[in-house]
Amino acid sequence: QVQLVESGGGLVQAGGSLTLSCAASGRTLANYAMGWFRQAPGKEREFVAAKIWSPVMTYYADSVKGRFTISRDNAMTTVYLQMRSLKPEDTAVYYCAGTRRSGDYYKSGAYEYWGQGTQVTVSS
């Protein structure tokens, strides 16, 4: 079983950048598909980005495409979400998730493991 811990959230002005980290404990993230989701107040959790590494396939929500990048470190213990050109509508709690199962990675139900979330607030 893997435990996921997010960090890197905070307050940033519109147009700014922020990088979220998702650190795994217990095992490496080799053979895991990893995803990022977010949930704004009063809204449902929504897909942001996902990536598998064998073969390499990356998925992004239309709302973040071209602005966000999901990546993983060479040690395969940390996954990142680089966010730039941030907008107030990006304000949410961001969650990372992981799974070793195949599935529809844009769906939250595809994931077995979840972090506790990190708050991102973008001011206008």
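The residues of the chain are indexed from 1 along the displayed sequence.
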Do [X] and [Y] come within less than 4.5 Å of each other through their side chains, counting heavy atoms only?
| X | Y | value |
| --- | --- | --- |
| L29 | V2 | yes |
| Y105 | T99 | yes |
| T78 | R72 | no |
| K51 | V56 | yes |
| W114 | S108 | yes |
| D90 | V120 | no |
| Y60 | I70 | yes |

Where the side chain of [X] meets the backbone of [Y], is there a donor-acceptor pair that is under 3.5 Å apart?
| X | Y | result |
| --- | --- | --- |
| D73 | M76 | yes |
| Y59 | V48 | no |
| T19 | Q82 | no |
| T118 | Y94 | no |

Show the nearest heavy-atom pair for residues [X] and [Y], with the distance to one decimal.
| X | Y | answer |
| --- | --- | --- |
| A33 | I52 | CB-CG2, 3.2 Å |
| S63 | R38 | OG-NH2, 3.5 Å |
| M34 | C22 | CE-SG, 4.2 Å |
| S71 | W53 | C-CZ2, 4.2 Å |
| S124 | A14 | CA-CB, 4.3 Å |
| A110 | R101 | O-NH2, 3.8 Å |

Crowded around E89 CD? As in, over 12 foreign heavy atoms under 6.0 Å?
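Result for CD/E89: enclosed.
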
Quick check: are there more than 12 heavy atoms from other residues, nucleotides or ligands sitting under 6.0 Å from CG of N31?
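Check fails, neighbour count at 12 or below.
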
Would S123 and Q13 count as having a side-chain donor-acceptor pair, cut-off 3.5 Å?
no

Hey, could you give me the CD/OH distance between E46 and Y95, rounded to the nearest 0.5 Å?
12.5 Å

When rounded to the nearest 0.5 angstrom, what is the spacing between CG in L4 and OH in Y32?
8.0 Å

Take W36 and E6, measure what side chain to side chain contact (heavy atoms under 4.5 Å, CB included) needs, and give me the verdict at the end.
CA-CA 10 Å; W36 286 93; E6 301 98 334; 4.0 Å; yes

Determine, step by step, whether L81 and T69 satisfy the side chain to side chain contact (heavy atoms under 4.5 Å, CB included) criterion, reporting the C-alpha distance in whole Å, the side-chain angles of both residues, the deciding distance to 0.1 Å, and the verdict.
CA-CA 6 Å; L81 184 68; T69 303; over 6 Å; no

Same cluster or not: are [X] and [Y] linked, directly or through other Ile, Leu, Val, Met, Phe, Trp or Tyr residues, by side-chain heavy atoms under 4.5 angstrom apart?
| X | Y | value |
| --- | --- | --- |
| Y80 | V93 | no |
| V12 | M83 | yes |
| V5 | Y113 | no |

Report yes or no: is the cationic atom of R84 (NZ for Lys, CZ for Arg) under 6.0 Å from the centre of the six-membered ring of F68, at an angle within 45° of the ring normal?
no

Under-4.0 Å salt bridge between D62 and K65
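Yes, this pair counts.
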
Charged N-O contact under 4.0 Å between R100 and E112
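No.
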
When the ring centroid of F37 is compared with that of F47, is the distance short of 6.0 Å?
yes

